[in-house]
Amino acid sequence: MNHAAVPTIAQMPADFWAGKRVFVRADLNVPQNEAGHITDDTRIVETLPTVRYLLQRGASVILASHLGRPKGAVVESMRMAPVAKRLQQHLPEVTLYAATEVCSPTVHLQATQLKPGDVLLLENLRFEPGEEANDPALAKNLAQLCDVYVNDAFGAAHRAHASTAGMAHQVTHRFAGLLMAKEIEMLSAVLNQPKRPVTAIIGGSKVSSKLSVLSHLLPKVDCLVIGGGMLFTFLLAQGQSVGQSLVEADLAPEASRLLNAAQQAGVRVLLAEDVRVADRFAEDAQTQVVSTESIPDGWMGLDIGPKSIAAIQAQLSASATVLWNGPVGVFEMDAFATGTRAVAQSLADLTESRGASFQSILGGGDTVAALERFAIAPQRFTHVSTGGGASLEFLEGRTLPGIAALMPTTVTASLV
Ligand code: ADP
Ligand code: MG
């Protein structure tokens, strides 16, 4: 797909927006603690430029997002009310209405009564079973709320849901928001003309979902660094014992195939040579550094060791582009944060010292949370993506349904 052809809101003349009702699909899926308090409002803040852009040009905005995984039913603890409250704090001058439903005659009425400069925040999209099922009826209902559709939810663009794909086909005017446009611009530069060598660091704990990504990434990279919980399934595939470490044993054959494919493709695979193991999953566990060949029974690997850190740092220095998704250890506990902190720090330093000859592209919710924990500003990297799975699928070269739906040519007879 030619990503340069994706229409964006910035391409329209300023007077286009006056009096328009604009549906903005945003990613407001913020983390909350047990008390329902928002612990990090980055995603809300990142949506503000698009919302302000539209309001300042005389549009009214219908804002919608999913929050958590309510699986098609109303879950009281996943209502958007806390998001509405935080949004209002960021937009004190704006009249903001919070709907208590996603679609209903009441919501429709609320939408039609919006005045230029007003915002209506819809209830959690995933309260509707039709959202994730991409139900045409829900898509049509949502489409009827607005004159213009804007997608700014890059983090949800790899899903073909009613609000990310289905409804876009039913609205005449559709655009990428400012955040979506920036993601597309930054990531397509890396996808189309990556500076080589390219190294991808893949960590984290979602072994099953990331393994398939790895095989697609293989043709695009020169070196694959595998860290975090991913590592142990690979070690198991090599016949090593991994003690109590996180593994998905049934995926070991797939990991094995991937190692073979990498060898055939001439891609270097860097697996940790040492790990910090713990006798239990706790901050105050007993720990020791061992070779990955001798993980003791009953112990679990929770971080990469110093030799592995040094090997990764050498590889990063020898790279021109680094893609990083997934922490290389349990960074939430100080005792196991060393590897992740070292990777983040090295990447920030290289990005600063090497200027245009080094690009660092980061993605993944927990990877971004790690930066925050280490107080390493996202501005110190070339691009920190707001999408984890979406950025990986984009970099694999796949067409994301949420982006494809914005293209002018995708109106098909069956969907209208
Ligand atoms: P991201 O959100 O960046 O894509 P994931 O969601 O895949 O990353 O994984 C993040 C989680 O992986 C973190 O909570 C981290 O504690 C965990 N993790 C990292 N290394 C290990 C490990 N060795 N064992 C268990 N969990 C790990
Ligand atoms: Mg995660």
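Every number for a ligand or one of its atoms is a count from 1 in the order of the listing. FYI, the numbering just counts along the sequence from 1. Note: hydrogens, waters and symmetry copies are ignored here, and every other heavy atom, side chains too, is used. Keep in mind that what you see is a predicted model, and the values were worked out from it rather than measured.
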Among protein heavy atoms, which sits nearest to [atom], and what does the distance come to when rounded to 0.1 Å?
| atom | value |
| --- | --- |
| atom 17 (C) of ligand 1 | S205 CB, 4.0 Å |
| atom 1 (P) of ligand 1 | D366 N, 3.7 Å |
| atom 23 (N) of ligand 1 | G301 O, 3.0 Å |
| atom 3 (O) of ligand 1 | T367 OG1, 2.7 Å |
| atom 21 (C) of ligand 1 | G229 N, 3.3 Å |
| atom 26 (N) of ligand 1 | V330 CG2, 3.7 Å |
| atom 4 (O) of ligand 1 | K210 NZ, 3.0 Å |
| atom 15 (C) of ligand 1 | E332 OE1, 3.6 Å |

Under the side chain to side chain contact (heavy atoms under 4.5 Å, CB included) test, residues paired with N33 that sit two or more places apart: A35, H37, T39
Distance in Å, K210 NZ paired with N325 CG, rounded so as to fall on 0.5 Å steps: 4.0 Å
OG on S60 to NZ on K20, rounded to 0.5 Å: 11.0 Å
Ligand-side contact atoms (ligand 1) for residue partner [X], heavy atom cut-off under 4.0 Å:
| X | value |
| --- | --- |
| P327 | 3 (O), 8 (O), 10 (C), 19 (C) |
| N325 | 4 (O) |
| G329 | 15 (C), 18 (N), 19 (C), 20 (N) |
| F232 | 23 (N) |
| L302 | 23 (N), 24 (N) |
| G326 | 3 (O), 8 (O) |
| G204 | 5 (P), 7 (O), 9 (O), 10 (C), 12 (O) |

Protein N/O/S atoms closer than 2.8 Å to the Mg ion (ligand 2): D366 OD2
Side-chain H-bond candidate by donor/acceptor type, H90 with D41, under 3.5 Å: yes
Distance-only side-chain donor-acceptor flag, S308 / D274, under 3.5 Å: yes
Stacked cation flag R25 on F23, 6.0 angstrom / 45 deg: no
Neighbour count above 12 (heavy atom, 6.0 Å) for E34 CD: no
Residue R69 excluded, over 12 heavy atoms near CZ under 6.0 Å: no
Pair E396 + K220, salt bridge at N-O below 4.0 Å: no
Residue among K182, E183, R43 satisfying side chain to side chain donor-acceptor pair (under 3.5 Å) with T386: E183
Sequence-distant partners of H108, ring-ring contact (aromatic ring centres under 6.0 Å, His included), two or more places apart: none
Part of L231 with heavy atoms under 4.0 Å of ligand 1, whether side chain, backbone, both or neither: neither
F336 and ligand 1 - part of the residue with a heavy-atom distance under 4.0 Å: neither
Residues R373, D334; criterion salt bridge (Lys or Arg N to Asp or Glu O under 4.0 Å); working and verdict: CA-CA 10 Å; R373 187 178 169 93; D334 280 338; 3.1 Å; yes
Salt bridge (Lys or Arg N to Asp or Glu O under 4.0 Å) evaluation trace for E132 with R159: CA-CA 8 Å; E132 290 181 82; R159 306 274 183 243; over 6 Å; no
Could you pull out all donor-acceptor pairs under 3.5 Å where a side-chain atom in residues 243-268 meets a protein atom, sequence neighbours excluded?
from, atom 1, to, atom 2, distance (Å)
S245, OG, V242, O, 2.7
S245, OG, G301, N, 2.9
R268, NH1, Q315, OE1, 2.6

